[in-house]
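One structure is given here, and the rest of the page talks about it.
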Amino acid sequence: MDHRLKKDKQFSYVYRKGKRAHSEHLTLFSVASKFKTYKIGYAISKKIGKANQRNKLKRRLKEIVRTGNFAKDNFNYVLMAKVGAAELDFASLKAEVKKVFEK
RNA sequence: UCAGUUAAACUUGUGGUCGCGGUUUGCUUGUGAUGAGCAAAGUGAGGAAAGUCCGGGCAUCAAAAGACAGGGUGCCGGCUAACGGCCGGUGGAGGCGACUCUAAGGAAAGUGCAACAGAAAUAAACCGCCCGCAAGGGUAAGGAUGGAAAGGUGAGGUAAGAGCUCACCGGGAAGGUGGAGACAUCUUCCGUCACUGUAAACCCCACCCGAUGCAAGUUUAAGCGAAGGCUAUGUGCUGUCUUUCACGCCUUCCAAAAGAAACGCUUGAGCCUGCUGGCAACAACAGGCCUAGAUAGAUGACCACAGAACACAGAACUCGGCUUAUGUUUAACUGAUCGG
RNA sequence: UGGGGUGUCGCCAAGCGGUAAGGCAUUGGACUCUGACUCCAACAUCCGUAGGUUCGAAUCCUACCACCCCAG
């Protein structure tokens with residue numbers, strides 16, 4: 001199943017209604033939904049780095065969410081990266097994602 | 001060994017365990033219709049994919065031609081689909097050298113500008129020098145400047161001076177020879193050898209350029225209506241104008257949608273190998289190969305071995321260049337030192 | 001992806017071949033018992049960076065860097 005958020009409307013809905021949880025390099029927006037599974041979108045701005053760095057960060061976040069089982073069903077998420085997130089290695093990035101979801 | 005110049009090559013590979021995007025095949029399932037899921041096979045970023053600085057293809061503007069404006073290029077010859085690119089030369093500049101760099105047409109077609117300094121900035125007004133009692137005349141040596149002051153140095157010459165004369169150097173013109181040409185070289189003549197620099201100032205000359213960009217554009221796509229204006233004096237290549245030519249054109253309102261999907265989209269001036277022509281860029285021929293097409297936008301995570309690969313960095317219609325960022329290796333050559 | 005624009009003092013900015021205006025801010029001084037206002041003075045030589053043209057470049061040319069805007 002596809003767990004991605006894609007439409008612009010969905011993103012802006014989550015930004016407006018969602019609860020926020022911050023960490024040093026990440027921000028998570030979460031909101032309850034009527035769907036049975038979870039959906040998650042990734043927001044990585046141009047401030048973070050050049051195109052290849054943004055791509056790599058997105059791939060790593062996707063891998064962490066897929067393998068980690070952090071996301072709960074019946075929720076929509078947007079995971080936003082802040083400046084400096086691209087410099088982290090995989091293990092510490094995973095720890096931060098875990099912290100944000102627990103909040 | 002050190003310092004340097006030039007030219008190339010590569011940009012990870014193999015094996016595991018999870019995961020992603022196209023393609024093909026098979027199975028399951030479903031709709032009014034497009035479909036959806038699972039499995040297997042096979043495949044999946046670069047030398048710069050970047051900057052977007054040039055030039056093509058392609059698409060639309062109904063079709064075509066011309067003038068002006070505007071823009072670009074600028075030694076010569078060649079290559080190319082084309083170029084502001086590349087190759088080979090010429091002149092000039094730099095370097096001990098290997099070698100590198102070079103917007104390099106025209107200033108006697110015209111116009112503009114040249115601050116400050118300096119007597120004077122394109123010009124012989126001033127100081128000066130000489131002749132002369134003076135009036136006046138001769139002169140361009142000298143006059144702390146400046147980027148630039150009407151060839152330079154030396155000798156002769158003179159009232160003082162001066163290409164006034166001579167030697168050397170520089171400059172110009174004509175002709176010959178070599179070369180495809182840029183140009184090179186030789187001979188002769190010129191002291192009227194007076195006219196500085198700047199064209200990456202306007203400009204002149206030669207050559208080139210229609211505009212807009214895949215968010216172009218086409219289809220699914222379907223369903224039309226109402227009112228008003230201009231009627232060949234209207235509209236049309238989109239900076240202006242003209243000609244041929246084409247034809248209805250423009251504005252407002254109502255309805256529908258609110259922005260969906262597919263095509264464009266990857267077979268192309270393509271890549272590899274061989275051979276022929278050419279100094280080379282490149283071209284011709286033969287054989288072989290098919291090699292990403294996404295749309296919140298596909299390559300990641302954990303190991304093992306090899307290893308320099310741990311750098312710079314991610315396709316978005318596509319191709320040829322340029323520029324910039326950056327890791328490693330190789331070859332040839334140059335200079336210095338030491339040894340033989 | 002394509003198209004367009006801007007970089008000048010700490011901030012806002014003028015200048016577009018000949019030694020870089022002005023305002024705010026800052027610093028020092030004067031005035032005042034003190035402060036504000038006012039007055040006087042100081043403050044750019046790396047004009048985003050690097051080359052080139054020119055006697056001379058913020059200005060002209062070329063290549064880069066950074067930032068901003070427009071088009072679904």
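Reminder, nothing fancy here: chain letters follow the sequence lines and each chain counts from 1.
If you find the closest nucleotide of RNA chain B to A:K62 and to A:A91, the one lying nearer the 5' end belongs to A:K62.
With contacts defined as side-chain heavy-atom distances shorter than 4.5 Å, the pair A:E102/A:K98 qualifies.
Here the CZ atom belonging to A:R60 is positioned 8.0 Å from the CG atom belonging to A:L57, to the nearest 0.5 angstrom. Of the inter-residue distances, the one linking A:F101 atom CZ with A:I64 atom CD1 reads 10.0 Å to the nearest 0.5 angstrom.
Rounded to whole angstrom, the span from the NZ atom of A:K58 across to the P atom of B:rU295 amounts to 12 Å. Rounded to whole Å, the distance from CZ on A:R59 to P on B:rG314 is 12 Å. One can place CZ of A:R60 at 17 Å from C1' of B:rC20, the figure rounded to the nearest angstrom. Here B:rA296 presents its C1' atom at 14 Å from CG of A:L79, a figure rounded to the nearest Å. Protein atom CZ of A:F90 is 11 Å distant from nucleotide atom P of B:rC303, rounded to whole Å. Here the P atom of nucleotide B:rG19 and the CD1 atom of A:I64 are 17 Å apart, to the nearest Å. What separates NZ of A:K94 from C1' of B:rG19 is a distance of 13 Å, to the nearest Å. The separation between A:M80 atom CE and B:rA296 atom P is 18 Å, rounded to whole Å.
With a glycosidic angle no further than 90° from 0, B:rU266 counts as syn. Glycosidic conformation, C:rG23: anti, with the torsion outside 90° of 0. An anti base is found at B:rA59: its glycosidic angle is more than 90° from 0. In B:rG264 the O4'-C1'-N dihedral to the base is more than 90° from 0, which defines an anti nucleotide. With a glycosidic angle no more than 90° from 0, B:rG22 adopts the syn conformation.
The pairing partner recorded for C:rU38 is C:rA30, the criterion being a Watson-Crick or G-U wobble arrangement whose two distances lie under 3.5 angstrom. Across all strands shown, B:rC230 pairs with B:rG248; the Watson-Crick or G-U wobble distances both stay below 3.5 Å. When both pairing distances are held under 3.5 Å, C:rC67 makes a Watson-Crick or G-U pair with C:rG5. With a cut-off of 3.5 Å on both Watson-Crick or G-U wobble distances, the partner of B:rU6 is given as B:rA331. Searching all strands for a Watson-Crick or G-U wobble partner of C:rA14 with both distances below 3.5 Å returns nothing. Taking a pair to require two hydrogen-bonding distances under 3.5 Å in either a Watson-Crick or a G-U wobble arrangement, B:rG178 pairs with B:rC183. For B:rU24, the paired nucleotide is B:rA40, the pair qualifying as Watson-Crick or G-U wobble because both relevant distances are below 3.5 Å. If you check B:rA211 for Watson-Crick or wobble pairing at under 3.5 angstrom, you find it paired to B:rU60.
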**Q.** Full working for side chain to side chain contact (heavy atoms under 4.5 Å, CB included) between A:Y42 and A:V65
**A.** CA-CA 11 Å; A:Y42 305 90; A:V65 169; 3.8 Å; yes
Q: For side chain to side chain contact (heavy atoms under 4.5 Å, CB included), just list the numbers for A:L61 and A:L93, CA-CA rounded to whole Å, side-chain angles, deciding distance to a tenth of an Å, and then say yes or no.
A: CA-CA 8 Å; A:L61 289 175; A:L93 194 65; 4.1 Å; yes
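Residue A:N55 has a polar side-chain atom (N or O) positioned under 4.0 Å from OP1 or OP2 of B:rA298. A:N52 has a side-chain polar atom (N or O) that falls below the 4.0 Å cut-off from OP1 or OP2 of B:rG314.
Separation of the P atoms belonging to C:rG2 and B:rA315 is 11 Å when rounded to the nearest angstrom. With both ends at atom C1', the span from B:rU122 to B:rA173 equals 25 Å, rounded to whole Å. Taking atom P on both nucleotides, C:rU26 is separated from C:rG35 by 15 Å, rounded to a whole Å. Separating the P atom of B:rA296 from that of B:rC18 is a span of 29 Å, rounded to the nearest Å. Between the C1' atoms of B:rU291 and B:rA45, the separation comes to 12 Å (whole Å). One C1' atom belongs to B:rU177, the other to B:rC204, and the distance between them is 35 Å to the nearest Å. When the C1' atom is used for both B:rA256 and B:rA64, the distance is 41 Å, rounded to whole Å. Separating the C1' atom of B:rA124 from that of C:rG51 is a span of 44 Å, rounded to the nearest Å.
Residue side chain A:R54 does not reach the base of B:rG297 through any donor-acceptor N/O pair under 3.5 Å, judged by distance alone.
Looking at A:E96, its side chain never comes within 3.5 Å of a backbone N or O of A:S23 through a donor-acceptor pair.
Nearest heavy-atom pair across A:H22 and A:T27 is ND1-OG1, 3.2 Å.
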